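Some notes on the structure that comes next.
In this text the structure is predicted, and so the values were computed from the model without any measurement.
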Amino acid sequence: MYESIGCTALEAELKESLSERRYRHSLAVAQTCLQLDTRYSLHLDQAELYVAALMHDMAREWSKEQLVDYALAHNLHLLGEEREYPVLLHAPVAASLLSARGFSKAVCTAVRYHSLGSIHMGLMGLLVYVSDYLEPNRTHLGQQDRERLLALSTPEELCLAVLEQERVYLASKDKQISACSEELYRFLCSGGKF
């Protein structure tokens, strides 16, 4: 059971399996999640939040072939975009790996939807999703943009703003937002809360 595995052991495991850059990113996402939990007074389980954020990219550096093979072998339910772009499989694969190790449904769900977002991701998932976008090592955001986003009043407003920026970015690349991201966008636009 995962309760016997401390965060230090998980950090050591990740340090062995990820590149230094991806490992630093994972630590920064975890710290950002904890900061957002405090900032919005959400009072989520700190250990679970840290684990979800820390482990969200545990399969990110697997090859496309490894991800596809794992997803097929374990009959993972996949979204259309994940079938089309196998790099996105790292999210459901990581969630499956964590579930097999006994991590909670909330942790696994947060990891499952951290790439595309979902109305099913829960509040923990929302924090992992936005932290993955906002963590300070990311270079796509300037400090002013990051501060503007972090000043928003609710986690839902923050998530909506991240989705809006993602829509602009995808449009500039002549790509469409994923169906589950679009569903999340509409949910938040209509005042949906987690």
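Remark: the Glu147 side chain and the Gln143 side chain contain an N/O donor-acceptor pair separated by less than 3.5 Å. Counting only N and O atoms by type, the side chains of Thr32 and Glu135 include no donor and acceptor under 3.5 Å apart. Using a 3.5 Å distance cut-off with no hydrogens or angles, the side chains of Tyr70 and Ser96 do pair a donor with an acceptor. With no hydrogens or angles considered, no side-chain donor-acceptor pair links Glu183 and Ser118 at under 3.5 Å. With 3.5 Å as the limit, one finds no donor-acceptor pair spanning the side chains of His43 and Asp37.
Panel note: side chain Arg167, backbone Gln176; no donor-acceptor pair is recorded below 3.5 Å. For the pair Thr109 (side chain) and Ala106 (backbone), a donor-acceptor distance under 3.5 Å is absent. The closest donor-acceptor contact from the side chain of His56 to the backbone of Ala53 lies under 3.5 Å. Under the 3.5 Å distance criterion, the side-chain polar atoms of Ser17 are matched with a main-chain donor or acceptor of Glu13. Remark: side-chain polar atoms of Gln31 are not paired, donor with acceptor, to backbone N or O of Ala28 under 3.5 angstrom. Here the side chain of Ser181 pairs no donor or acceptor atom with the backbone of Ile177 at under 3.5 angstrom.
Within 6.0 Å of CD on Gln46 lie more than 12 heavy atoms contributed by other residues, nucleotides or ligands. Under a cut-off of 6.0 angstrom, the local environment of CZ in Arg186 is sparse, with at most 12 non-hydrogen atoms contributed by other residues, nucleotides or ligands. Counting heavy atoms of neighbouring residues, nucleotides and ligands inside a 6.0 Å radius, atom CD of Glu16 does not exceed 12 of them.
Val128 and Leu34 end up in different hydrophobic clusters when Ile, Leu, Val, Met, Phe, Trp and Tyr side chains are linked at under 4.5 Å. Note: the hydrophobic cluster containing Phe194 also contains Tyr113 (ILVMFWY, side chain heavy atoms under 4.5 Å, direct or indirect links). Residues Phe187 and Leu116 are members of separate hydrophobic clusters, defined by side-chain heavy-atom contacts under 4.5 angstrom among Ile, Leu, Val, Met, Phe, Trp and Tyr. Neither Leu97 nor Leu88 shares a network with the other; the hydrophobic side chains, linked directly or stepwise wherever heavy atoms of I, L, V, M, F, W or Y lie under 4.5 Å apart, form separate groups for each. A continuous path of Ile, Leu, Val, Met, Phe, Trp and Tyr side chains, each step under 4.5 Å between heavy atoms, connects Tyr129 with Met55, placing both in one hydrophobic cluster.
One finds the CG atom of Leu89 at 12.0 Å from the CD atom of Gln66 (value rounded to the nearest 0.5 Å). For the atom pair Ser104 OG and Asp45 CG, the distance stands at 7.5 Å (nearest 0.5 Å). Here the CE-SG distance, from Met124 to Cys108, works out to 10.0 Å after rounding to the nearest 0.5 Å. In this structure, CG in Asp57 is found 7.0 Å from OG in Ser115, a value given to the nearest 0.5 Å. In this structure, CG in Leu67 is found 11.0 Å from CD in Glu61, a value given to the nearest 0.5 Å. The line from SG of Cys189 to CG of Leu163 is 8.5 Å long, rounded to the nearest 0.5 Å.
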| request: Mind running side chain to side chain contact (heavy atoms under 4.5 Å, CB included) on Leu42 and Leu127 for me, showing each step along the way? | output: CA-CA 10 Å; Leu42 301 175; Leu127 290 189; 3.8 Å; yes
| message | Between Glu11 and Tyr50, does the side-chain hydrogen bond (donor to acceptor under 3.5 Å, both in side chains) criterion hold? Intermediate values first, please. | response | CA-CA 11 Å; Glu11 289 167 358; Tyr50 189 82; 2.4 Å; yes
| message | Go through it in stages, so that I can follow the logic: the residues are Lys193 and Glu157, the test is salt bridge (Lys or Arg N to Asp or Glu O under 4.0 Å), and I'd like the CA-CA distance, side-chain angles, deciding distance and then a yes or no. | response | CA-CA 10 Å; Lys193 298 281 183 205; Glu157 287 177 18; 6.0 Å; no
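Residues Val51 and Phe103 come closest through the heavy atom pair CG1-CE2, 3.3 Å. Here the shortest heavy-atom pairing between Ala151 and Arg39 reads O-NH2, 3.3 Å. Minimum heavy-atom separation, Leu49 to Cys33: CD2-O, 3.6 Å.
Contact check for Pro155 versus Leu36: no side-chain heavy atoms found under the 4.5 Å cut-off. Looking at heavy atoms from C-beta onward, Val93 lies out of side-chain contact with His90 at the 4.5 angstrom threshold. Residues Val111 and Met58 are not in side-chain contact: their nearest non-hydrogen atoms beyond the backbone lie 4.5 Å or more apart. Residues Leu149 and Gln165 are in side-chain contact: their nearest non-hydrogen atoms beyond the backbone lie under 4.5 Å apart. By the 4.5 Å heavy-atom criterion applied to side chains, His114 and Met121 are not counted as neighbours. Using a 4.5 Å cut-off on side-chain heavy atoms (C-beta onward), Asp145 and Arg148 make contact. A heavy-atom distance below 4.5 Å is found between the side chains of Leu158 and Leu134. Residues Val29 and His25 are in side-chain contact: their nearest non-hydrogen atoms beyond the backbone lie under 4.5 Å apart.
Remark: Glu82 engages Arg112 in a salt bridge, criterion side-chain N to carboxylate O under 4.0 Å. Salt-bridge annotation for Lys173 and Glu166: absent, with no side-chain N of the basic residue lying under 4.0 Å from a carboxylate O of the acidic one.
Arg138 forms no cation-pi arrangement with Tyr133, by the criterion of a distance under 6.0 Å to the ring centre and an angle within 45° of the ring axis.
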